[in-house]
Number of protein chains: 2
Amino acid sequence: MVVTIKDIAEKVGVSVTTISRVLNNRGYLSDSLKKKVSEAMEEMNYQPNEVARSLLRKKSHIIGLILPDISHPFFGEVTKHIEAFAYDQGYKLMLCNSLHHKKKEKEYIDLLRASRVDGIIMGSHTMSVKDYMSINLPLVTLDRQISKSIPFIASDNYQGGVLATQLLLRKKCRKIAYLSGNLRLSLLAKQRHDAFLEQVSGQDAQFQFIVKQTDLNGFKYKEYEKLVSGLFQEHPDLDGVFASSDMLALQVLKQCRRLGKAVPDQVKVIGYDGISVGDAEDLTTIVQPIKMMGELAVRYLLLQIAGEQVPLETILPVRLSEKATT
Amino acid sequence: MVVTIKDIAEKVGVSVTTISRVLNNRGYLSDSLKKKVSEAMEEMNYQPNEVARSLLRKKSHIIGLILPDISHPFFGEVTKHIEAFAYDQGYKLMLCNSLHHKKKEKEYIDLLRASRVDGIIMGSHTMSVKDYMSINLPLVTLDRQISKSIPFIASDNYQGGVLATQLLLRKKCRKIAYLSGNLRLSLLAKQRHDAFLEQVSGQDAQFQFIVKQTDLNGFKYKEYEKLVSGLFQEHPDLDGVFASSDMLALQVLKQCRRLGKAVPDQVKVIGYDGISVGDAEDLTTIVQPIKMMGELAVRYLLLQIAGEQVPLETILPVRLSEKATT
DNA sequence: GTGAAAGCGCTAACAA
DNA sequence: TTGTTAGCGCTTTCAC
């Protein structure tokens, strides 16, 4: 069986209370006792049972992280920072992929509540606002806005849209496509779209633009591929593409290679996110401050757990990173 | 306060035992009672406290996953499958990034033991074999072999090395580089290297090959970049590159673009892993059965948790996926 | 300085 | 069918 505090107590010849005191370093303890207890713990390979502690303290030091899909590089990178920061603060991470399924997301929320996690970072959003309001647990949403009353962390999507579009215009693109996932899914991505529309609206009569979106929820790269190849079939004269994610932009580059279109000479491509795989292609993109987003999500969650107030809306700056594709 | 079984019991007017029975569907219970209890739970938004249950049952239904870095696409993808399969089996996932740090890995193992996870999937390996042996918890290693006595799941790295090298040879490459991360870090990646050496050893005197490896442990893409640019500087006449990961291969493609080397005409490039971002570049690669690796890791871990025997060595087949870079 | 006892929320004998 | 009781491993009064 696993070693408990009781075993240690017996071995050392004191009560469990004393052991607990040593464990938590509370009250007056003689150094010799401390040492004896530590040695016994070492010797018996004792690990305090966090489950019992959690039960008593009503605090698990676990935070739940609900994402659409950890295999998507953006979420992989943000998760890396969330994990690192949470770890520094003494918190563990329970990882949940909703895969964009409402049912799974709902079940995971129940699971997390049942597991008495201390709070949840939501990077997925498939349920109704009412459902989230009733979670009744410290909550932060990441790269999503669920409701004005739930703190959210995001980057400046509108500004990102402006920067990207302006770059293409500056580069004299005359027929630009805006590509995105499902706009209904994300209020924030919609801002990039809005920014795009606003920027292109002032152009002359010869200027053209196209907006294309996938209607599915997943990150199906095969679908991306279809979307992009369809785009070039319909509009072989495109000379600029603003893709609302780097992964989408990579598909655009791929199609360009296949069709023999020179990038950036014939077609200029800009992505969005600033993930490392984009960098591996010298992709021009709008860089989100991924690390800061992850850290702030954790920070604001822990503040809430501690009973503090946090800002309801946090918009972080983005920047243009111009590489080889424009 | 949070609702407990006792609150429900009082509300319905029965004992806590009865509520527990309804919860676990044990013993004989009248339908009317079941309904009354369910309604009360619904109404009070009750969630059974898994922490208390875990304490009693000595089973948390949590598995720990220790990885070097979740933001690396290979681990992101395998984690996605691990999560999905674990979820289907009623298990939650605690995510731990070691970042290749021995200290952090060690601390995480202690944390996981303290949290009473039911088992650990190890995708990281920085400690000594002895340390792992003393974990004393069901364990599976993924894409790593720590010891002959700890079950491990991997793909056929030797065969992958053979397939990749043979392809380059078949394509008449006359000067091939093998690029890899730190070989000392992974016995398995070393097999790809060995396979490479064996395949090229039978070539005629004019044939040349180079082996280059990064000596750091992290997945630093900047380092990859340096490695690759150095490679081409020293060996401008290279006509084939076998990169031991797709992420490395992407860096090779990038350098080729920068240097104006045509792929595959002047240089043929093959990667390793079969991650989606490679697919987004039409990269020729050796595809590891990532989904199956993740599933088997979970399956074998759960079998161990259930007290069953599992194979100590599981080698899954790889396949060549030839795309545009060869 | 140290220990006995109660209790966190739940389940599992054992009774009734 | 249902309830009483004990106890999972730990911490925390309250005594001594």
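Chain identifiers are assigned alphabetically (A, B, ...) following the order of the sequence lines, protein sequences preceding nucleic acid strands; residue numbering begins at 1 within each chain. Model, not experiment: these values are computed from the prediction.
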Return a table of donor-acceptor pairs under 3.5 angstrom between the side chains of residues 1-14 of chain B and protein atoms on other chains or two or more places apart.
residue, atom, partner, partner atom, Å
B:T4, OG1, B:K6, N, 3.0
B:D7, OD2, B:T4, N, 2.8
B:K11, NZ, B:E43, OE2, 2.9

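Every residue meeting the side chain to side chain contact (heavy atoms under 4.5 Å, CB included) condition with A:I146, not counting sequence neighbours, appears here in chain and number order: A:H125, A:V129, A:Y132, A:T141, A:I150. Annotation: ring pair (Phe, Tyr, Trp, His ring centres under 6.0 Å) contacts of A:Y46 (sequence neighbours excluded): none. For the salt bridge (charged side-chain N to carboxylate O under 4.0 Å, His left out) test, residues two or more places apart in sequence or in another chain that qualify with B:R53 are B:E50. Considering only residues two or more places apart in sequence or on other chains, B:R26 meets the side chain to side chain contact (heavy atoms under 4.5 Å, CB included) condition with B:N24.
One atom, NZ of B:K34, and another, P of D:dT1, lie 10 Å apart when rounded to the nearest Å.
Applying the 4.0 Å criterion to OP1 and OP2 of D:dC8, one finds that B:K59 has every side-chain N and O outside that range.
Using a 4.0 Å heavy-atom cutoff across all strands shown, A:V14 reaches sugar-phosphate atoms only and no base atom.
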In B/S/- notation, 5' to 3', how is nucleotides 10-16 of chain C contacted by protein heavy atoms closer than 4.0 Å? BBBBB--
